[in-house]
Amino acid sequence: MKVKQIFDAITEVRDEYIEEARTTQLKKSAIAWKKWTMIVAACIVMAIGIRGAYSLPDLLPFGGKAGGSGSGHGESSTFMSYAGPAFPLTLSQPDNTVTATRNIIYDFSLPNEDSIRVWGANVEDRYTLINSSTEEKNIEAVYPFIGSFNDLKELIPTITVNGQKEHPALYAGGYSGGEKLDSWEGYKALLEDGSYQSNAFAADPVLSQPVTVYAFTDFEAPLEYEAATQAISFNIDPDKTTILHYGFNGIDIGDNGFRRYSYFVPKDIRMEKDIKLLIIIGEDIKDYSLQGYKNGACERGNELEGVSSTVTRKEQILSDVMGEVINHFFTNYDDGNSLAVSQEMFLGAVTEFMVHYGLLSDNARDHYQYGVLEDVILETYSLKRVFYLKFQVSVPVGESVLVTVKMRKNPSYDFICSGTDNKGIQGYDMVTRLGSNLHFDALTAELTSTQNIEIVRQNYGFNLSQGVTEVELDLNNEHYYLEIRPVEQ
Amino acid sequence: MEDIKIIELYNARNESAINETDTKYGRMLKGIAMNILSNHWDSEEVVNDTYVRAWNAIPPAKPNYLGAYLGRITRNLSINRWHEQRAKKRNSSAELLISELSDCVPAMQTVETVIETKELAKVIDCWLSTLSTDNRILFLRRYWFGDTVNSLAKECGTSANKLAGRLYRLRQSLKIALEKEGLSL
């Protein structure tokens, strides 16, 4: 088949062209239509040249860290994609006169009538709080759960107290700081000293430093050059000046403080949404030069006349600029409806990330050292973390209150055909004490809709063939695991 | 993680190489497979087969561009699977891509030289080098990565019809280039 030969031959074209197509965004011919795919592409396309070395920043990780496959730890598996355990309820302040019983139910119903297999479980985590003191207790309860800003809408639990829906306050824990969250022990290491939770409730750092902002607008370039590029070049003293940027497509970092930032000149857009900012922290830049190029190759012989823009210099507070950038990011790259939390909360998380792992830290990690704000925002958005829901509960003297937490729990799993024995197996972990100061008197677990699953490994004591779907658990056991294989319907 | 570090993990036979590969390239590879096979489960299996192939091939293989290297494996596996499906009369997006590329088949009246696929790839390589960067990217995004016309049109901020016209002109250009080489496939 002749045409098939062309189809096959295209597969074999040179790597450089494939890489170019993979990492470069097509030029726009009209006002931007932008989605996540594009901002990811924009992050990929950021070219960074350092003394002749040419590298591309990493794609950002989505979801949780993946562990080694199938080898197991204890009796349970170590999954390549680890969803993390269900945590126990805790109190913001320990109270010996309040005790609890816990009953956790995993419901393996099919997502809808057309589904052929389960993926994930609906979890109902019930707590009966008992007041054994001689006075009414008004306590502040805290429920931790794992998620990211990206999947918060799907995973955020709903909480009822005696059947009345609560409206708990949401707090975001910080980035794990490289702590490997690929097993329950990883979460144990992160949470057991209590500092992670304390930090989540503490006020976020504020980016109060004054900065100088160079904004680029009113772009013009000869229309016949589809990839016309404008570059701004200058020298800095890296010990005195730190640069963050937003909306740029290329960076060159040279010897002796040389810096060049470049962007493809937007077409048909003037005072436009496509903002481009250089944010200077510390000593301002001096004697910058602007130069147009025919395309993204900012090199001698490739210069282009007629490329221009208006450069506006402003002095602002960094947190204000970051607020504008975050607002722009979500308005333009995700239809403005993707952030499930207040912008203030997300700015706090971005700030925490920048202060601890970005250019504002003493030890910037990975490609964050290049100051690409799109990377920082997207990473903050997608990184897995522990969130906390805080709500008030009143427990009358000698009485009890039922707190019910309902949530969607995605499974841990191995990638199909990854060479492990865990193909198709879904893991669900639960921890009994980690992070909790509550005293539990009893702990039970229950499975429902079990016709859709078979149990592969567990330490609960369920026995589906004998109809044992409710079990009492040992409070001294820190960790319970359940690994199931879906039964196709 | 940088490609060089991922390859070091493969060389060290560290299984996290696959995790890091999936983190960085999983989405792209799934897209390539989906664009040929139009089936979630088949695509997922192809992507995971890609990881197994990479695991078995590196070392000794030392890809200069890990993304292109993995993408090529995924594309080949997807095309092979598409052939199997075609035998079973299952439709996929690849049918459409093949149908469009039939525009590129040289006319029969040219002086004919039978050519191997590898050599044909070099000719296509050469033709690609004559294109503007944006046209080259557009052609490969459509016929290598299999991106849909609609998605490419959205990315370019133009209509699907206009983009289809641009792709047609590119296919005609390739056809002329092949005819100039006096090729018969």
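Lettering follows sequence order; numbering is per chain, from 1.
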In a table with atom names and distances, give each donor-acceptor pair under 3.5 Å that connects a side chain of residues 66-74 of chain B to protein atoms at least two apart or in another chain.
from, atom 1, to, atom 2, distance (Å)
B:Arg72, NE, A:Thr11, O, 3.0
B:Arg72, NH1, A:Asp15, OD1, 2.9
B:Arg72, NH2, A:Val13, O, 2.8
B:Arg72, NH2, A:Asp15, OD1, 3.0
B:Thr74, OG1, B:Thr50, OG1, 2.9
B:Thr74, OG1, B:Leu70, O, 3.1

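Ion pairing of B:Arg142 with B:Asp147 is absent here, as no side-chain N (NZ or NE/NH1/NH2) approaches a carboxylate O to less than 4.0 Å. One finds no salt bridge joining B:Glu20 and B:Lys5 here, because no Lys/Arg side-chain nitrogen approaches an Asp/Glu carboxylate oxygen to under 4.0 Å. B:Arg27 has no carboxylate O lying under 4.0 Å from a charged side-chain N of B:Asp22, or vice versa, which leaves the two without a salt bridge. The pair B:Glu45-B:Arg81 meets the salt-bridge criterion, since a charged nitrogen lies less than 4.0 angstrom from a carboxylate oxygen.
Counting heavy-atom pairs closer than 4.5 Å to chain A, the top-ranked of the candidates B:Phe145, B:Phe139, B:Tyr65 is B:Tyr65. Between chain A and the residues B:Lys122, B:Arg136, B:Arg141, the most heavy-atom pairs under 4.5 angstrom are made by B:Arg136.
By the 6.0 Å contact criterion, CZ on B:Arg53 is open, its count of non-hydrogen atoms from other residues, nucleotides or ligands being 12 or less.
In this structure, chain A has a heavy atom under 4.5 Å from the side chain of B:Ile79, while its backbone stays farther away. Contact annotation for B:Tyr143: both backbone and side-chain heavy atoms come within less than 4.5 Å of a heavy atom of chain A.
Scanning residues 55-64 of chain B against chain A with a 4.5 Å heavy-atom cutoff picks out nothing at all.
No hydrogens or angles considered: a donor-acceptor pair under 3.5 Å links the side chains of B:Asn135 and B:Arg166. With no hydrogens or angles considered, no side-chain donor-acceptor pair links A:Ser382 and A:Asn150 at under 3.5 Å.
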